[in-house]
Amino acid sequence: MISFKNKHSIGAGCLALCAALALTLTSCTDWDDHYDANTSILDTQNATLWENIERNQDLSQFAALLKKTEFDEVLGASQTYTVWAPVNGSFDYDALLAAANDKVLKEFVQNHVARNNYTVSGSVDERVFMLNEKMMHFDGNGSYTIQGIGLDKVNLASSNGVIHTVKQRIPFLANIYESLNSDEFAIDSISDFFHSFDERVLNEQRSVPGPIVDGEETYLDSIFDEDNDLYTRYRAFVNREDSNYTMVVPTNEAWAKAKAAITKLYHYVPSFEYVENTVGANPKKVNTIKLKDTAYLTDSMSNLVLTRGLFFNNNLYDNKRLNNLQEGTRLICDSLYSTTGMKIFSEDAAALFENAHRVDKSNGAIWVTDSLQMKPWTEWNPEIRLEAEMSSMLSGYNYVAGEPNSIYVSEGVRNPAVPGNLSRSRFMEAQASASNTNPELDYYLPDVRSTEYSVYIVFVPGNINNENYDPKPNYVRVTMGYTDANGKSKEERFTNPVDGSQYFTNDSSKIDTVYIGDFTFPIAFVGTGSGSQEYCPYLRIQSNVTTRLRDLYDRTLRIDCIILRPKELDAYRQEHPGYKYDEGLY
């Protein structure tokens, strides 16, 4: 978080920051050339930084920019500073004189000033943080440099600090946040979106209270905090100078192309029906949900998912390889993790940086690209993999004629003869409560987009934790509860794509992932709720083992996962065996 003062109180604020420090410095005799013969070295020590800069003819342009930004008041006050003052002709004075004051202050004036005294003698090797929070390397032995720029005259002692002159402007290196503008690249779209979350909040604790006017507190010295909600939301503090991030930055062209694809996934209707209780009530309880502004919701959701997977912390995991990645070379890594926890495996990670332009920043680097090479299912339209035993942590599960229990299978108990992966070593089991009933499980499906999914159910055989149990397949019907394009609640039973019936069975010799069919949701549900409440479609799994089928099938339902896999991902997996991606468990 960056703090800054009301420009009309900046001098007073600096007076309050720190008491003056006594100086015991010896100035360089070269400074005599800039003053009249009657002006002694002692006079410069008794003068402020501003007074010494103002009377130096070689620094008249720098002095003019100090007055333009009202920073002359700061250097004329009592707080101690070191100034690396660029001499006349060493920078584009006319351009800076015409530029906005805030820009000149941060990128030029504060880029040449640091708190405290940094005198030079002997060997120097220090990291210096300038007033704009940029870190500079100040070093030398006999001759000295600041960020590689050679010092000219050194150690002009002043009553509130010291001045060194430089014959070149110290380059301003923007951080990632500061680079989200259209100065160098056509990135207005992502810049405008990011900056729409900028906030400027009065810091009451650090501000100096004034009189109460009309019942309201006023402040003699107002200090504001500059913040942005996306820093926290994306866990990417790209404004901090002590951080190290990589950001993939789409140009306006790349943004428009990606946005067009994403928008289709976030189609909402102004009013839709939602089944609050899918079973156990007759008739079912159906509520009508109204959305205030569907166009705004579509735009907001599209922008958020487009941007939130673009940030990477260079200090974590294989992300460290991004520090040395250069244009024209292929990224070689196992995977990258975005700051929001999205895992991108090697093939997809490398594609993000292909044909992109790297630009180093003070806290990492940005990669500007005209084509955002991100697979849709990586962030925009992820696979929804619902852990059956965990669903109560989301919207809950409902059941009829059965008592479901979450079953934990430890390695010591699991039957080694049963192949397959049991995710998180748990599954949901629902047994029939009477001899003439069948269990049923209804699951709410979170974060559904308006797109086509391939639906899978992962069944667990009865001998997973009991070697003596005689496993039999299940015999189930599956129904999708959803909302149509007109906002009306509907149910649609799946037809088995293999035999055309309405029944599905599993292979009881293993943990079996059964393809149920494809389903297209006309509207999106993700983002429609608030707090812990999200409105969701639901999937009903009903055991249908009659008395005559009891010897062939198991009535007890054992469900590990329900998978809604975007259809395009399902097709890609079939075309690319062994393809790795983030499976996104809930």
**Student:** For a quick check under 3.5 Å, do Thr48 and Asn160 share a side-chain donor-acceptor pair by atom type?
**Tutor:** no

**Student:** Test side chain to side chain contact (heavy atoms under 4.5 Å, CB included) on Leu297 and Tyr266 and set out the steps.
**Tutor:** CA-CA 8 Å; Leu297 183 57; Tyr266 295 86; over 6 Å; no

**Student:** What is the minimum heavy-atom distance between Glu383 and Leu569, and which atoms define it?
**Tutor:**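 Heavy atoms only, the tightest pair is OE1-CD2, 3.9 Å.
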
**Student:** Would one find more than 12 heavy atoms of other residues, nucleotides or ligands at under 6.0 Å from atom OH of Tyr337?
**Tutor:**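 For Tyr337, atom OH is not crowded (no more than 12 foreign heavy atoms under 6.0 Å).
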
**Student:** Nearest 0.5 Å, please: how far is CG in Asn111 from CH2 in Trp84?
**Tutor:**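 Answer rounded to 0.5 Å: 11.0 Å.
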
**Student:** Hey, would you say the Phe91 and Phe108 ring centroids sit under 6.0 Å apart?
**Tutor:**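 Yes.
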
**Student:** Would you give the length of the straight line joining atom CG of Leu59 to atom CD of Gln61, rounded to the nearest 0.5 angstrom?
**Tutor:** 10.0 Å

**Student:** Is atom OH of Tyr579 surrounded by more than 12 heavy atoms (other residues, nucleotides or ligands) closer than 6.0 Å?
**Tutor:** yes

**Student:** Should we count NZ of Lys68 as having more than 12 external heavy atoms under 6.0 Å?
**Tutor:**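 Atom NZ in Lys68 is crowded, with more than 12 foreign heavy atoms closer than 6.0 Å.
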
**Student:** Step through the shown structure and confirm whether more than 12 heavy atoms of other residues, nucleotides or ligands are within 6.0 Å of CZ on Arg330.
**Tutor:** yes

**Student:** Can you confirm whether Lys580 is buried at NZ, in the sense that more than 12 heavy atoms of other residues, nucleotides or ligands lie under 6.0 Å from that atom?
**Tutor:** no

**Student:** Can you measure from CZ (Phe197) to OG1 (Thr232) and round to the nearest 0.5 angstrom?
**Tutor:**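 Output value for this atom pair is 12.0 Å.
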
**Student:** Scan residues 232-259 for pairs that pass ring pair (Phe, Tyr, Trp, His ring centres under 6.0 Å), counting only residues two or more places apart or in two chains.
**Tutor:**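 Found Tyr234-Phe311.
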
**Student:** Do Asp125 and His137 have side-chain N/O donor and acceptor atoms under 3.5 Å apart?
**Tutor:** yes

**Student:** Which atoms form the tightest heavy-atom contact between Val166 and Ile149, and what is the distance?
**Tutor:**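 Heavy atoms of Val166 and Ile149 come nearest at CB-CG2, 4.1 Å.
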
**Student:** Does the pair Val526 and Tyr268 meet the rule for a side chain to side chain contact (heavy atoms under 4.5 Å, CB included), with working shown?
**Tutor:** CA-CA 10 Å; Val526 59; Tyr268 301 93; 4.0 Å; yes

**Student:** Around atom CG of Asn141, are there more than 12 heavy atoms of other residues, nucleotides or ligands at under 6.0 Å?
**Tutor:** yes

**Student:** Check Pro566 against Asn381 and note the closest heavy-atom contact, atom names and distance.
**Tutor:**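 Distance-wise, the nearest heavy atoms are CG-O, 3.2 Å.
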
**Student:** Do the side-chain N and O atoms of Asn175 and Glu241 include a donor-acceptor pair separated by under 3.5 angstrom?
**Tutor:**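 Judged by distance alone, the side chains do pair up.
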
**Student:** How close do Ser335 and Asn319 get, counting heavy atoms only, and between which atoms?
**Tutor:**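 It is O-OD1, 4.4 Å.
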
**Student:** Please give me the minimum heavy-atom distance between Met136 and Ile170, naming the atom from each residue.
**Tutor:**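 Looking at all heavy atoms of both residues, the shortest contact is CE-CG2, 3.7 Å.
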
**Student:** Pair Thr82, His164 - check side chain to side chain contact (heavy atoms under 4.5 Å, CB included), show working.
**Tutor:** CA-CA 8 Å; Thr82 296; His164 312 295; 3.8 Å; yes

**Student:** More than 12 non-hydrogen atoms from neighbouring residues, nucleotides or ligands closer than 6.0 Å to CG on Asp198, yes or no?
**Tutor:**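 Yes, CG of Asp198 has more than 12 neighbouring heavy atoms, counting only those of other groups under 6.0 Å.
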
**Student:** Verify whether the ring centers belonging to His112 and Phe172 lie closer than 6.0 Å.
**Tutor:** no

**Student:** Got a second to check how far Ser179's OG is from Met247's CE, nearest 0.5 Å?
**Tutor:**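 Rounded to the nearest 0.5 Å, the OG-CE separation comes out at 9.5 Å.
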
**Student:** Pick one: which of Leu352, Leu325, Val249, Val359 meets side chain to side chain contact (heavy atoms under 4.5 Å, CB included) with Trp367?
**Tutor:**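 Only one of Leu352, Leu325, Val249, Val359 forms a side chain to side chain contact (heavy atoms under 4.5 Å, CB included) with Trp367, namely Leu325.
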
**Student:** Using the rule given for side chain to side chain donor-acceptor pair (under 3.5 Å), can you reason through Thr145 versus Asp139, listing the C-alpha separation, both sets of side-chain angles and the distance that settles it, and then say yes or no?
**Tutor:** CA-CA 6 Å; Thr145 64; Asp139 67 336; 2.6 Å; yes

**Student:** Rounded to the nearest 0.5 Å, how far does CG of Leu156 lie from CG of Asn52?
**Tutor:** 4.5 Å

**Student:** Test of understanding: with side-chain contact (heavy atoms from CB on, under 4.5 Å), list the residues that count as partners of Asn314, not counting sequence neighbours.
**Tutor:** Asn244, Thr246, Leu322, Asn323

**Student:** Please say whether more than 12 non-hydrogen atoms of neighbouring residues, nucleotides or ligands are located less than 6.0 Å from CZ in Phe185.
**Tutor:**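 Counting other residues, nucleotides and ligands, CZ of Phe185 exceeds 12 neighbours.
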
**Student:** Can you give me the closest heavy-atom contact between Asn315 and Asn313, atom names plus distance?
**Tutor:** N-OD1, 2.9 Å

**Student:** Can you tell me how far the OG atom of Ser371 sits from the CD atom of Glu354, to the nearest 0.5 Å?
**Tutor:**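 Between Ser371 OG and Glu354 CD, I get 10.0 Å after rounding to 0.5 Å.
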
